[in-house]
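I have placed the structure first, in the form of structure tokens, so that the comments after it can refer back to it.
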Amino acid sequence: MSHQPVIDIHAHYRHPDQAFVPPPSWVSEERRRDQLRHDEILHSFSRIVEVADSVGVDTRVLSLPAASRFTDYDTAPTRPAEIAELNDHLAGGVRDHPGRLLGLATIDAFDGERAAAETRRAVEELGLSGIVVDSARADTFLGAPETVPTLAEAARLGVPVFVHPTGTSLTPALIAQAGQLGSSYGRGLANGVALLSLIHRGLLDSIPGLRIVFTTLGIGALGIAGVWRARGGLAAADGRWEVSFDTMGFDPQNVAFLVSVLGADRVLLGSDFPHQVDADPQRVANALDGAGLSSADQALIRGGNAAKLLQRRPAAVPAAAG
């Protein structure tokens, strides 16, 4: 049998000028040490590839969400020039490591038509494979009117939109009450509400060809969507919507639930490298075997689905004015 490439759809990098932000006081000492080690890896595309080699990941799909790059993202003016420079840097790293790295362009989806124009430049001129956007900016969620130009342009270009978790105004209270777990749950809340916003606003129907990926942190939204009788649209067999989730955390029960709702065609290997556990072979096997998946479905999740998702499928609609 030929080798099935392992593709990690959820992996990160940092810009060379991005300073290390010391962890907050509620982070454990072990977590602090991990974050210092991760910072060294994240600044080097070559180191990212070295770590991928050590765990048997063939391709990392790298992204740097705007909220992760700019600590004042929720309150500061938009930074189109700095975001464009990020995408130039990422494109260079991808070119230097062909086949090993792919890139999702950083896009501030809340910047309206300027964000759509940068989406177009990043894909058509830089050759990046898709875009990463934040679930929310302050307490405005993806799906708000100002984000529609970016979503429509990604669909027109035929590239996926990775929706990354972010905090909200509720995050400090969640951290005060539940520490790291509260922080993760709050980010998952934002990720899930972004999906529910797209459903509520009808954008998964009104934007033809929109292919969108969420993280396991937002898994709770799938239960709410089922209550809203939207689960049929989410199922891969239905064909109306192209919504996928990653495997972040590699929990067998979560993977089994994702497959039960979306179908194996809509679940993607994603580790949140290097912040969470990596996609080493034993961990991946434990998650997929524990979820009771067939070898064919496991092959889809390990890399087959991502390979298909990352193939451009341009829509037959004109570009937005830019």
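On a predicted model such as this, the values are computed, not experimentally measured, just so you know.
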Quick check: is V163 connected to Y73 through a chain of hydrophobic side chains (ILVMFWY, heavy atoms under 4.5 Å apart)?
no
Going by atom types alone, do R69 and T106 pair a side-chain donor with an acceptor below 3.5 Å?
no
Salt bridge flag under 4.0 Å for residues D58 and R100
no
Are the aromatic ring centres of H275 and H10 under 6.0 angstrom apart?
no
Using side-chain heavy atoms (C-beta onward) and a distance below 4.5 Å, is L90 in contact with L128?
yes
Salt-bridged, D8 to R60, with N to O below 4.0 Å?
yes
Is S44 reaching over with its side chain to a backbone N or O of I41, donor-acceptor style, under 3.5 angstrom?
no
Inspect the surroundings of OH in Y185 and state if more than 12 heavy atoms from other residues, nucleotides or ligands are less than 6.0 Å away.
no
Answer yes or no: is there a donor N or O on one side and an acceptor on the other, between the side chain of S294 and the main chain of D297, under 3.5 Å?
yes
Apply ring-ring contact (aromatic ring centres under 6.0 Å, His included) to F45 and list each qualifying residue two or more places apart in sequence or on a separate chain.
Y13, H89
Please enumerate all residues that pass ring-ring contact (aromatic ring centres under 6.0 Å, His included) together with F141, with sequence neighbours excluded.
none
Q276 side chain to S271 backbone, donor-acceptor under 3.5 Å
no
Are I83 and N87 close enough that some pair of their side-chain heavy atoms sits under 4.5 Å apart?
yes
I'd like to know if D111 and R79 make a salt bridge, using a cut-off of under 4.0 Å between side-chain N and carboxylate O.
no
Validation row: E118, I107 side chains within 4.5 angstrom (heavy atoms)
yes
Do the side chains of R14 and E40 get nearer than 4.5 Å, heavy atoms only?
no
If you measure from the Lys or Arg side-chain nitrogens to the Asp or Glu carboxylate oxygens, is any gap between R137 and D108 under 4.0 Å?
yes
Is there a donor-acceptor contact under 3.5 Å from the side chain of H43 to the main chain of D17?
no
Salt bridge check: are E242 and R313 linked by an N-O gap of less than 4.0 Å?
yes
Side chain proximity check, E153 to V123, heavy atoms < 4.5 angstrom
no
Would you say the side-chain atoms of T59 pair up with the backbone N or O of L101, donor to acceptor, closer than 3.5 Å?
no
Reported CD-to-OG1 distance for the pair E146 and T78, which is rounded to 0.5 angstrom
11.5 Å
Could you please spell out the steps behind the side chain to side chain donor-acceptor pair (under 3.5 Å) verdict for S183 and R187?
CA-CA 6 Å; S183 175; R187 293 169 68 82; 5.4 Å; no
Would you find a donor on one side and an acceptor on the other, under 3.5 Å apart, between the side chain of N305 and the backbone of V267?
yes
Min side-chain heavy-atom separation T247-F245 under 4.5 Å:
no
Answer whether the closest heavy-atom distance between the side chains of L142 and I212 falls below 4.5 Å.
yes
Distance-only, no hydrogens or angles: does the H12 side chain make a donor-acceptor pair with backbone N or O of S63 under 3.5 Å?
yes
So, R156 and E124, do they make that salt bridge, N to O below 4.0 Å?
yes
Test your reading of the model: is there a side-chain donor-acceptor pair from R283 to the backbone of D278, 3.5 Å cut-off?
yes
Take T215 and N191 through the side chain to side chain donor-acceptor pair (under 3.5 Å) test and state the conclusion after the steps.
CA-CA 7 Å; T215 75; N191 207 220; 3.0 Å; yes
Any heavy-atom pair between the side chains of D289 and L293 that's under 4.5 Å?
no
Quick check: is L64 connected to I131 through a chain of hydrophobic side chains (ILVMFWY, heavy atoms under 4.5 Å apart)?
no
Side-chain heavy atoms under 4.5 Å apart, restricted to Ile/Leu/Val/Met/Phe/Trp/Tyr: what other residues fall into the cluster of I9, or is it alone?
I7, V61, L102, L104, V132, F162, V213, L268, L309, L310
